[in-house]
Amino acid sequence: MFQTPDEVLKYIKDENIELIDLKFIDTPGIWQHCTFYTDLIDASSFDEGVAFDGSSIRGWKAINESDMAMVPDPATAWIDPFYKDKTLSMICSIKEPRTGEWYNRDPRTIAAKAVEYVKTSGIGDNVFVGPEAEFFMFDDVRFDQKENEGYYHVDSVEGRWNTGKKEEGGNLGYKPRYKEGYFPVAPTDTAQDIRSEMLLTMGRCGVPIEKHHHEVATGGQMELGIKYQTLVNAADSLMTYKYCIKNVAKKYGKTVTFMPKPLFNDNGSGMHTHMSIWKEGNPLFWGDGYANLSKLALNFIGGLIKHAPSLLAITNPTTNSYKRLVPGFEAPVNLAYSQGNRSASIRIPLTGTNPKAKRLEFRCPDATCNPYLAFAAMVCAGLDGIKNELDPGEPLDVDIYDLSPEELSKIPSTPGSLEAALEALQKDHAFLTDGGVFTEDFIQSWINYKLDVEVNPMRLRPHPYEFALYYDC
């Protein structure tokens, strides 16, 4: 809609907009925001930024060095559909106000550095990314953790577990069976109108929209499709996607979660991520190799496979992520590539004879990730593969369930826990710091945060299933 600060400022004046909402992302991946009266936003705001206290943002500044500045990107401006008063929203990157340098722990800045690394390497001049974020929409969620109890409870009108429930007006029985929720029509699919509103709302917020549908799991698993974009724009759109979906759901008395595995014994939610590199308007992944891939694309895949154990500490950054990455639920647990096998971590989508559509699909990530960090890390892994001409090995085009234990043991798999992924990241992260995309400071801060705030606290707490296993021992 806009390209320059002058265009945005003119729009604010012409439309008599009094409130400007500036959004930015913290390290774990949650949007933060502050709303300013229009007098506080002028041409200098798009260069010097708008000051705020960074000491209260997770993983950022100490209290003695807390001054920071959020710099809005005029190309991200849209009218926020969820506020009563007309409010213009913009997404920001973060600067150090005293030096004017971009903040090295700002995820959006890191994503921009990844694109710059592609350019300075001479390999390409643009990266296109297409994320497919799945989610669950529930009617009720309750959870708590105390010294003497810990529990969670989620419920959905679509939950197969509710076929015997007495419901107001009668139970009509239209509940998707476990693992059979993909593409049913109404009345089994109860969320058509809500998803339509979600999709159209995203479109009005500048997200290039494609489609929406029900997903595999019972209990309200959904997906909305957005078109591929350049890397930073794709991450911006994913954050807008999550914001719109959650707020539209709330309007209908529903709640949305992007947790990869909120339900036991049914498919989890992933974020299959499509990626390709271009140079001078030409796609670089098309070639005469396997599945019409170029040698460059195969080397990119080689980099993803080599670095996947450490890469997943960023693309799958929660303890819950690894409850999805288990065999038997179409989970991409095998570190291999294939043009059809959905248990492979990298799939080559069917694109016909169109070179511009040739891409790879990294199937491991989930939407609990910080998309700026995840996309940047994927690029770094792939570039390392290209620079070192890493061979990805043979494709995995067989049914893994027909393989013998001996054959299966030869296929590397994803880490079994966040702790294992973080251990891999500690040992293998030079590919992230090459080109100055990630800093050593950021990597160590990320590992320490995940261990201190997530892994170690989880270790300390009894699990409800432990009572079923061990109470009477």
Apply the test side chain to side chain contact (heavy atoms under 4.5 Å, CB included) to residues F135 and Q221: give CA-CA distance (whole Å), side-chain angles for both, the deciding distance (0.1 Å), then the verdict. CA-CA 6 Å; F135 60 94; Q221 191 183 35; over 6 Å; no

More than 12 non-hydrogen atoms from neighbouring residues, nucleotides or ligands closer than 6.0 Å to CG on D193, yes or no? no

Is the number of heavy atoms from other residues, nucleotides or ligands under 6.0 Å of Y252 OH greater than 12? yes

Could you tell me if the ring centre of Y449 sits under 6.0 Å from that of W60? no

Kindly give the heavy-atom pair with the smallest separation between E134 and S269, and that separation in Å. OE1-CA, 3.4 Å

On a heavy-atom basis, the closest approach of F285 and S276 is CE2-CA, 3.5 Å

What's the shortest heavy-atom distance between I301 and P392, and which atoms? CG2-CB, 3.8 Å

Would you call W286 and K356 a side-chain contact if the rule is heavy atoms closer than 4.5 Å? no

Which atom pair, heavy atoms only, marks the closest approach of K113 to V437? CD-O, 3.6 Å

Does the ring center of F138 lie less than 6.0 Å from the ring center of F136? yes

Any H213 side-chain heavy atom under 4.5 Å of Y182 side chain: yes

Counting heavy atoms not belonging to L350, are there more than 12 under 6.0 Å from its CG? no

Answer yes when K179 and D266 have at least one side-chain N-carboxylate O distance shorter than 4.0 Å, and no when they do not. no

Just say parallel, tilted or perpendicular for the rings of H463 and Y465, cut-offs at 30° and 60°. perpendicular

Hey, do the aromatic rings of F24 and W31 have their centres closer than 6.0 Å? no

Donor-acceptor contact below 3.5 Å, side chain S338 vs main chain L396: yes

Of all heavy-atom pairs linking I123 and L284, the shortest is O-CD1, 3.1 Å

Sub-3.5 Å donor-acceptor pair from the side chain of K358 to the main-chain atoms of A291, do we have one? yes

Using 30° and 60° as the class boundaries, would you call the ring planes of H307 and F431 parallel, tilted or perpendicular? parallel

Does any N or O in the side chain of D106 come within less than 3.5 Å of the main-chain N or O of I94, such that one atom is a donor and the other an acceptor? yes

Smallest separation among heavy atoms of F300 and M275, with atom names: CZ-SD, 3.7 Å

Test C205 against every option in Y243, Y241, F82, W78 by the side-chain contact (heavy atoms from CB on, under 4.5 Å) rule and name the one that passes. W78

